[in-house]
Amino acid sequence: MAAHALVIGCLAALVLLSALWVVTLRNLFRAALSLGLVLLGVAGLFLVLEAEFLAFVQILVYVGAILTLIVFAIMLTAKLQGSVTAPANRQVFPAAAIAFALFIVLVSSTSALVPATPLSGDAIRLDVLGQELVKTLVLPFEVVSLVFVAAVIGAITLAVPRHAKSTKRS
Amino acid sequence: MSTVLFDSLRSWWPETILSAGALIVFVAASWTHNTRPVLALTWATLGASALALWQTPVPPATELFFGLIVCDPFSLVFRWLALVAVAMTVLLMGASNDIDVSLRGEAYGLLLLIAVGLMLMAEANHLLMAYVAMELVSLSAYVLAGFLDDSRSAEASLKYLLFGALSSGIMLFGMSLLFGLTGQLAFPDIARACTALSDPATQALSLIILLLLAGLAFKISMVPFHMWTPDVYEGAPVAVTALLSVGPKAAGFALLIRLMHALQVAWPPLVATVAALTIVTMTFGNLVALVQTNVKRLLAYSTIGQVGYLLIGFAVNTSVGLQALLVYLVAYLFMNLGAFACVVAVVNESGSESLDAFRGLATRAPGLALACSLFLLSLAGIPPLVGFIGKFLLFGAAIEGRQMWLAVAAAFNSAIALYYYVNLIRLMYFGRPVQRTPFRVAPAIRLALGVCAVATLALGLLPGALLSVIHAQAILNLL
């Protein structure tokens with residue numbers, strides 16, 4: 001049990017430290033790599049808590065896909081390459097104070113809670129989850145695809161240089 | 001299994017048509033360089049969807065798609081509101097000349113997707129569905145806010161995205177706590193589980209409500225989650241601003257009412273907080289609106305003030321309050337869209353968004369000035385216009401709900417708001433015009449102005465029809 005707590009503590013420290021790096025490092029590329037550490041740490045937490053599926057999804061989707069996209073975006077955007085100055089953060093102390101206050105409130109009101117019944121392992125059986133997604137949860141599943149369509153088309157529309165587009169069309 | 005889906009689809013044709021239409025519009029926009037057929041497709045989709053909505057059977061309350069959404073008279077009101085708001089926006093967008101012609105097709109498609117999202121927000125009966133619907137509306141709106149080719153528009157889009165992501169995150173935290181506490185995702189199950197909770201859990205429930213409120217407060221621009229509103233409204237294309245000031249507000253209120261209805265048990269300790277935020281919201285919006293010189297910023301702060309009035313109906317939390325809220329939402333839809341139609345006309349003509357562009361409008365375009373005055377007076381709550389009816393009901397609800405402070409603050413705020421609305425009318429009628437040439441208003445804008453003006457006047461003169469529809473229908477299964 002003590003080892004369990006120790007592992008969780010180490011992972012939490014890793015997550016906290018690299019999250020701090022994400023917001024304080026002035027080089028965007030390094031900040032992105034620190035984000036990768038955060039995501040890996042969270043995946044580790046999931047593993048320790050016996051949520052293997054979530055851990056694998058976390059690594060596949062967040063570390064594998066989303067982080068890669070972020071790194072691509074930074075490397076492809078000429079302005080962001082190299083050591084650029086981070087956006088102005090004059091309000092770092094008020095922001096830290098608010099975040100800390102929120103943390104205290106959340107901890108104080110949730111620490112007393114104990115789940116009435118421990119959740120059983122069946123709750124996240126993969127075959128059940130997959131069936132649910134195409135049966136009872138089919139509507140949000142489909143609506144999410146509409147969200148992706150909106151996001152992709154919007155991103156392309158905003159990214160295409162306007163002048164190039166209008167000269168091509170006229 | 002499949003019978004449930006088929007039965008559900010029978011009541012869900014309007015949204016299905018809108019989604020399919022949006023996809024077709026996207027494909028058509030990438031094929032043709034001409035906006036005319038794309039616009040025709042958009043109108044065909046909206047028309048077909050309206051027809052389907054008209055034909056949709058509305059039993060008192062039907063749970064569709066395994067209880068994920070619920071089609072009841074309450075959501076029917078909001079589905080119509082969403083459809084009208086998006087149709088008006090398409091009208092204004094077609095007539096305004098600020099968006100690049102090559103981007104029009106994509107803009108129409110995104111508007112149709114927003115309509116689907118708005119309808120889903122009002123129907124959602126499940127935390128997952130509610131979140132997905134909100135993201136559909138938000139993502140499309142972030143993109144649309146950045147459709148102009150200037151730095152203000154890009155700033156608007158980015159600010160909207162960052163604030164939206166932050167408030168979504170806070171709301172998701174609330175949702176995950178709620179799920180952890182009750183083990184349920186569907187609203188009726190949550191309501192049942194909440195009544196069984198004991199003391200430390202009920203305290204956590206209050207916190208959960210505040211977290212959920214943060215996400216929705218962003219959508220309806222309630223203080224202290226209003227900061228994005230003026231900048232986004234100023235930077236976004238005028239037609240998009242018009243939609244943002246109406247559509248997501250209405251749908252946000254719908255979701256807020258449904259969600260808080262499920263969490264009714266934990267409500268009493270929070271009434272004072274919500275009432276205080278209501279007063280702060282309306283006072284802040286109206287006071288800051290006094291010193292604005294850009295008409296879009298003026299209307300943004302006016303929107304915050306109006307949201308404050310709307311929140312009265314939510315804060316008193318009685319059936320009278322909810323009815324007043326719905327009536328005022330309908331009124332607000334027409335008068336605010338009308339006001340923005342006037343802004344589109346003026347910005348098209350002068351290219352300027354400053355209040356000075358309105359100087360002497362009465363000599364240049366008398367009809368436009370008259371319509372604009374009508375909408376502004378209605379927003380100020382002058383009888384016999386529809387804004388007065390809505391405000392009257394809201395004040396009445398505050399008094400009936402024994403929240404005298406709300407009524408006093410609202411009356412005080414109406415006096416402040418009257419100043420800046422009438423000031424704009426003064427500029428139009430008594431200001432010295434910068435130019436004297438008369439200008440013609442585009443037919444599409446004239447149509448939008450006409451629809452809004454007729455609704456503002458007719459619903460104000462004959463409020464009985466609106467009241468009977470909303471009273472008989474909407475609140476039955478909510479209280």
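Naming: A, B, ... by sequence-line order, numbering from 1 per chain.
- Here the OG1 atom belonging to A:Thr157 is positioned 11.0 Å from the CG atom belonging to B:Asp100, to the nearest 0.5 angstrom.
- The number of heavy-atom neighbours closer than 6.0 Å to CZ of B:Arg152, taken from other residues, nucleotides and ligands shown, is above 12.
- Only the side chain of B:Val116 comes within contact range of chain A, with heavy atoms under 4.5 Å apart.
- Residue with the most contacts toward chain A among B:Leu211, B:Ile208, B:Leu207, B:Val137: B:Leu207 (heavy-atom pairs, distance under 4.5 Å).
- Looking at B:Leu181, only its side chain comes within 4.5 Å of chain A, counting heavy atoms on both sides.
- Closest approach of A:Pro140 and B:Val132 over heavy atoms only: O-CG1, 4.2 Å.
- Using a 4.5 Å cut-off between heavy atoms, B:Leu23 contacts chain A through its side chain alone, with no backbone atom that close.
- Only the side chain of A:Ile153 comes within contact range of chain B, with at least one heavy atom under 4.5 Å from a heavy atom of that chain.
- Proximity to chain A is limited to the side chain of B:Leu177, based on heavy atoms less than 4.5 angstrom apart.
- Contacts between B:Phe173 and chain A at a heavy-atom distance below 4.5 Å involve the side chain alone, from C-beta outward.
- Smallest separation of non-hydrogen atoms from A:Leu158 and B:Ser157: CD1-OG, 4.5 Å.
- The contact between B:Ile69 and chain A is made entirely by side chain atoms (from C-beta outward), counting heavy-atom distances below 4.5 Å.
- When each of B:Leu5, B:Leu68, B:Leu64 is paired with A:Leu139, the side-chain contact (heavy atoms from CB on, under 4.5 Å) condition holds for B:Leu68 and for no other.
- Contact of B:Leu136 with chain A is made through backbone and side chain together, with heavy-atom distances under 4.5 Å.
- Considering all non-hydrogen atoms of both residues, B:Phe66 and A:Thr136 come closest at CD1-CA, 3.5 Å.
- With chain B as the partner, the residue from A:Ser108, A:Ala155, A:Ala151, A:Ala150 showing the most heavy-atom pairs under 4.5 Å is A:Ala150.
- Heavy-atom distances place the side chain of B:Leu120, and not its backbone, under 4.5 Å from chain A.
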